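From a predicted model like this one, the values you see are computed outputs, not experimental measurements.
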Amino acid sequence: MSPPNVNRAALHVEDSGGNGRPVVLIHGWPLSGEAWADQVGPLRDAGYRVIAYDRRGFGRSEKPDSGFDYDTLAADLAGILEDLDLHNVSLIGFSMGGGEVARYIANHGETRLHSVVFASAVPPCLMKSTDNPDGPLTPEAAQEKEAGLKAGRAAFFDKFTTTFFSVKGELKVTEAQRQQAIAICEQSDQTAALGCMKAFATTDFRSDLAKVTVPTLVLHGDGDATVPFQGSGERTHKAITGSELVLLEGAPHGCNVSHAKEFNAALLAFLAK
């Protein structure tokens, strides 16, 4: 187990309350809890207690100048579960948030958990190397992304959200939905955005996934151009014994928005088990 987090940030947490089984939503990069807007209502209506929060440095949370490694981010998640005294929890991690799910289990165990979902998620390890030849992200591409974000946030987020919501160059959401995503991206702190970009690109979760024993769903779009399924979700599914896989046909990375109906149906079916 990791040492206690000594660098806790003040996080913005939305909690629907009630007596339902808790579902904690962990957003992707560089978004915020607002990115779960299409899931919160259906989950709440199905009787779950829905908790969505903004990662440190993003959205409405405190924007410290450090703590963007996965050990600290997982400790932030652990702090929420402890502060709210949550048990029998389902963790749903989207994209970068899937890393927090894996690292939370590795560092804090499964005592509080009922099940987990890796949605369009970055594990097991994005960065391609001799030790990880199936990683879908080359060091050169990672450097290009970092340089692009440093050069200009507006241009970077415009390109990023287009890829995020597209399959083979075709945008799968409305322009209004894309612009809404850009607005959320703009709420991110630059230090946090760069720090978390490095974390999700380089962190190796392979040993973390080996510790996952609770019921697990891997949910991914087959047209994901941001975190390609073959290098991420497919490998995670193979790594976690007994995990379930739902592959959304024609869906991009941002499938919780573009294919919200199908995404929610798969999520609710899994959570009901």
Distance check, rounded to the nearest 0.5 Å: [X] atom [atom1] versus [Y] atom [atom2]?
X    : Y    : atom1 : atom2 : answer
F165 : T174 : CZ    : OG1   : 9.0 Å
L194 : C196 : CG    : SG    : 9.5 Å
L245 : L219 : CG    : CG    : 8.5 Å

Is it true that [Y] and [X] share a donor-acceptor pair across their side chains at a distance under 3.5 Å?
X    : Y    : answer
D85  : H87  : yes
D71  : N107 : yes
T162 : R178 : yes
N132 : S129 : no
R21  : S90  : yes
S243 : H237 : yes
Q187 : S32  : no
R153 : S188 : yes
S95  : H253 : yes

- Message: Are H259 and F263, when compared by the centres of their aromatic rings, separated by less than 6.0 Å?
- Response: no

- Sub-6.0 Å ring centroid separation between Y70 and F205: yes

Inspect the contact between [Y] and [X] and indicate whether a charged nitrogen and a carboxylate oxygen are less than 4.0 angstrom apart.
X    : Y    : result
K128 : E140 : no
D15  : R49  : yes
E82  : R112 : no
K273 : E244 : yes

Closest heavy-atom pair and its distance - [X], [Y]:
X    : Y    : answer
A225 : T163 : CB-CG2, 4.0 Å
A121 : V227 : O-CG1, 3.5 Å
P64  : G57  : CD-N, 4.1 Å
F68  : R56  : CE2-O, 3.7 Å

- Query: Is there side-chain contact between L77 and Y53, with at least one heavy-atom pair below 4.5 Å?
  - Reply: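 Yes; the side chains approach each other to less than 4.5 Å.
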
- Query: Should the ring pair W29 and F156 be called parallel, tilted or perpendicular, given that the plane angle runs from 0 to 90° and is split at 30 and 60?
  - Reply: perpendicular

- Look at the rings of F160 and F164 and say which category their plane angle falls in: under 30° parallel, 30 to 60° tilted, over 60° perpendicular. tilted

- Quick one: do E170 and V167 satisfy side-chain contact (heavy atoms from CB on, under 4.5 Å)? Show the steps, please. CA-CA 5 Å; E170 181 184 351; V167 175; 5.6 Å; no

- Could you please spell out the steps behind the side-chain contact (heavy atoms from CB on, under 4.5 Å) verdict for L73 and R55? CA-CA 8 Å; L73 297 175; R55 182 180 290 108; 3.9 Å; yes

- Message: With salt bridge (charged side-chain N to carboxylate O under 4.0 Å, His left out) as the criterion, how do E62 and R8 come out once you've worked through the C-alpha distance, each side chain's angles and the decisive distance to 0.1 Å?
- Response: CA-CA 10 Å; E62 182 184 350; R8 284 195 69 180; over 6 Å; no

- More than 12 non-hydrogen atoms from neighbouring residues, nucleotides or ligands closer than 6.0 Å to CD on E249, yes or no?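 No, CD of E249 has 12 or fewer neighbouring heavy atoms, counting only those of other groups under 6.0 Å.
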
- Has E144 got more than 12 heavy atoms of other residues, nucleotides or ligands less than 6.0 Å from its CD?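 No.
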
- Message: Taking L149's backbone N and O only, do any of them form a donor-acceptor pair with Q190's side chain (distance below 3.5 Å, no angle check)?
- Response: yes

